[in-house]
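One structure is given below, encoded as structure tokens.
Counting from 1, the numbers follow the sequence of the chain as shown.
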Amino acid sequence: MTYAQLAAGTALISGPKNVETVSAYILLSLYPIPMRRWEEDRTWLYLGLAIRVATDLNLNQPTSVKPKNERHARELLNRVRVWLNCYNLDRSTASWHGKASTIATRDYIASRSEEWYESSEFNMPNFDIQLVAYNENLRCMSEFKEKIYS
């Protein structure tokens with residue numbers, strides 16, 4: 001974990017921004033080092049970095065690019081997959097910490113995740129369906145919270 005944190009810090013300062021960097025920050029957010037006190041928790045920080053780099057890469061924006069081949073199609077799917085993971089983690093971590101979410105509830109890509117799942121033959125059947133279902137669950141929860149706290 002020490003090496004992973006060092007690599008994450010280096011990537012933030014001088015490294016190239018790419019989808020793999022976002023994925024690395026997501027992993028650091030999901031699997032933090034054990035902490036002695038609540039104040040030492042860095043999950044929210046790593047998730048914030050993942051979201052920031054993802055928005056810098058425009059992962060939150062729909063693309064109208066047509067895939068050139070299977071490899072390019074899979075790369076485009078992975079960009080959306082990583083953004084949906086950011087959205088889902090943002091929602092679940094915000095609920096866990098009792099904070100507001102960073103990403104808007106009505107995010108364009110997240111609100112159309114079902115269409116995304118059905119859009120390509122290259123989606124991963126057992127993984128992507130879970131990702132979309134969890135996304136729907138979290139969006140329902142967000143709408144419920146909006147109604148309760150309005």
Side-chain angles (χ1 to χ4, degrees), residues 4-5 7-9 11-13 15-32 35 38-150:
Q5 289 175 328
L12 181 65
I13 295 168
K17 293 180 181 176
N18 52 37
V19 176
E20 289 78 17
T21 304
V22 178
S23 298
Y25 285 129
I26 288 172
L27 288 172
L28 284 170
S29 176
L30 284 171
Y31 301 104
M35 58 190 161
W38 179 258
E39 298 83 29
E40 296 173 0
D41 184 30
R42 301 284 184 255
T43 57
W44 193 256
L45 174 72
Y46 288 125
L47 179 57
L49 289 169
I51 293 169
R52 177 62 193 191
V53 174
T55 54
D56 286 350
L57 294 171
N58 291 324
L59 299 184
N60 60 329
Q61 301 297 323
T63 182
S64 59
V65 175
K66 300 292 181 202
K68 301 171 195 168
N69 51 36
E70 180 181 344
R71 181 175 180 232
H72 188 236
R74 290 184 184 277
E75 286 175 6
L76 292 173
L77 288 171
N78 197 44
R79 290 175 60 88
V80 175
R81 189 176 293 119
V82 169
W83 177 251
L84 288 175
N85 273 298
C86 285
Y87 182 90
N88 290 352
L89 274 172
D90 180 48
R91 294 274 167 232
S92 61
T93 306
S95 295
W96 179 42
H97 287 284
K99 296 182 179 183
S101 298
T102 305
I103 303 171
T105 303
R106 309 253 186 268
D107 180 73
Y108 183 84
I109 291 177
S111 63
R112 288 163 181 75
S113 61
E114 293 175 40
E115 297 168 17
W116 167 77
Y117 176 71
E118 296 170 351
S119 70
S120 176
E121 63 183 307
F122 301 117
N123 273 324
M124 296 186 293
N126 295 328
F127 179 77
D128 289 338
I129 190 70
Q130 175 276 133
L131 184 65
V132 170
Y134 189 49
N135 176 269
E136 179 65 27
N137 185 10
L138 291 168
R139 285 188 300 116
C140 286
M141 185 66 157
S142 293
E143 290 172 11
F144 173 75
K145 284 172 62 177
E146 283 179 10
K147 287 180 183 177
I148 294 296
Y149 293 118
S150 64

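- Under the 4.5 Å side-chain criterion, counting only non-hydrogen atoms from C-beta, W83 is not in contact with N58.
- Taking NZ of K17 as the reference point, atom CG of L57 lies at 7.5 Å (rounded to 0.5 Å).
- For R74, the CZ atom counts as densely surrounded, since its 6.0 Å shell holds more than 12 non-hydrogen atoms of other residues, nucleotides or ligands.
- Closest heavy-atom contact between P62 and I109: N-CD1, 4.0 Å.
- Within 6.0 Å of atom CE in M124, more than 12 heavy atoms from other residues, nucleotides or ligands are found, so the atom counts as buried in its surroundings.
- Heavy atoms from other residues, nucleotides or ligands lying under 6.0 Å from OH of Y31 number 12 at most.
- In this structure, Y87 contributes its side chain and N60 its backbone to no donor-acceptor pair below 3.5 Å.
- One finds the CG atom of L77 at 11.5 Å from the CZ atom of R79 (value rounded to the nearest 0.5 Å).
- Pairing each heavy atom of V65 with each of L76, the nearest pair is O-CD1, 3.9 Å.
- Residue V82 comes nearest to S23 through the heavy atom pair CG2-OG, 3.7 Å, listed as atom of the first residue, atom of the second, then distance.
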### I26 and Y46: CA distance, side-chain angles, deciding distance, side chain to side chain contact (heavy atoms under 4.5 Å, CB included) verdict
CA-CA 7 Å; I26 288 172; Y46 288 125; over 6 Å; no
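- The backbone N or O of A110 lies less than 3.5 Å from a partner atom in the side chain of R139, making a donor-acceptor pair.
- Not counting sequence neighbours, E20 has no partner by the salt bridge (charged side-chain N to carboxylate O under 4.0 Å, His left out) test.
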### Pair W44-K99, side chain to side chain contact (heavy atoms under 4.5 Å, CB included): steps then yes or no
CA-CA 10 Å; W44 193 256; K99 296 182 179 183; 4.0 Å; yes
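- In summary, of the residues considered (N137, T105, N135), a side-chain contact (heavy atoms from CB on, under 4.5 Å) with R91 occurs for T105 alone.
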### Query
C86 and V22: side chain to side chain contact (heavy atoms under 4.5 Å, CB included), yes or no, with the steps?
CA-CA 9 Å; C86 285; V22 178; 3.8 Å; yes
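- Judged by distance alone, the side chains of N18 and T21 do bring a donor and an acceptor atom under 3.5 Å apart.
- By the salt bridge (charged side-chain N to carboxylate O under 4.0 Å, His left out) test, R106 is found to be paired with E143, E146, residues two or more places apart in sequence or in another chain being considered.
- The side-chain heavy atoms of Y134 and L84, taken from C-beta on, include no pair separated by under 4.5 Å.
- In this structure, L47 CG and L89 CG are separated by 5.5 Å, a value rounded to the nearest 0.5 Å.
- The shortest distance between side-chain heavy atoms of E75 and P67 does not fall below 4.5 Å.
- With hydrogens and angles ignored, the 3.5 Å screen pairs no side-chain donor or acceptor of D90 with any backbone N or O of S101.
- With hydrogens and angles ignored, the 3.5 Å screen pairs no side-chain donor or acceptor of S29 with any backbone N or O of Y25.
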### Residue pair T43, W96: steps toward the side chain to side chain contact (heavy atoms under 4.5 Å, CB included) verdict
CA-CA 11 Å; T43 57; W96 179 42; 3.9 Å; yes
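- Taking CG from L30 and CG from N85, the interatomic distance works out to 8.0 Å, rounded to the nearest 0.5 Å.
- Here the closest heavy-atom approach between residue W116 and residue N123 is recorded as O-ND2, 3.2 Å.
- In this structure, the side chain of S120 engages the main chain of F122 through a donor-acceptor pair within 3.5 Å.
- Side-chain atoms of T55 come within 3.5 Å of backbone N or O of R52 as a donor-acceptor pair.
- Pairs engaging residues 107-130 under the salt bridge (charged side-chain N to carboxylate O under 4.0 Å, His left out) rule: R81-D128 [sequence neighbours left out].
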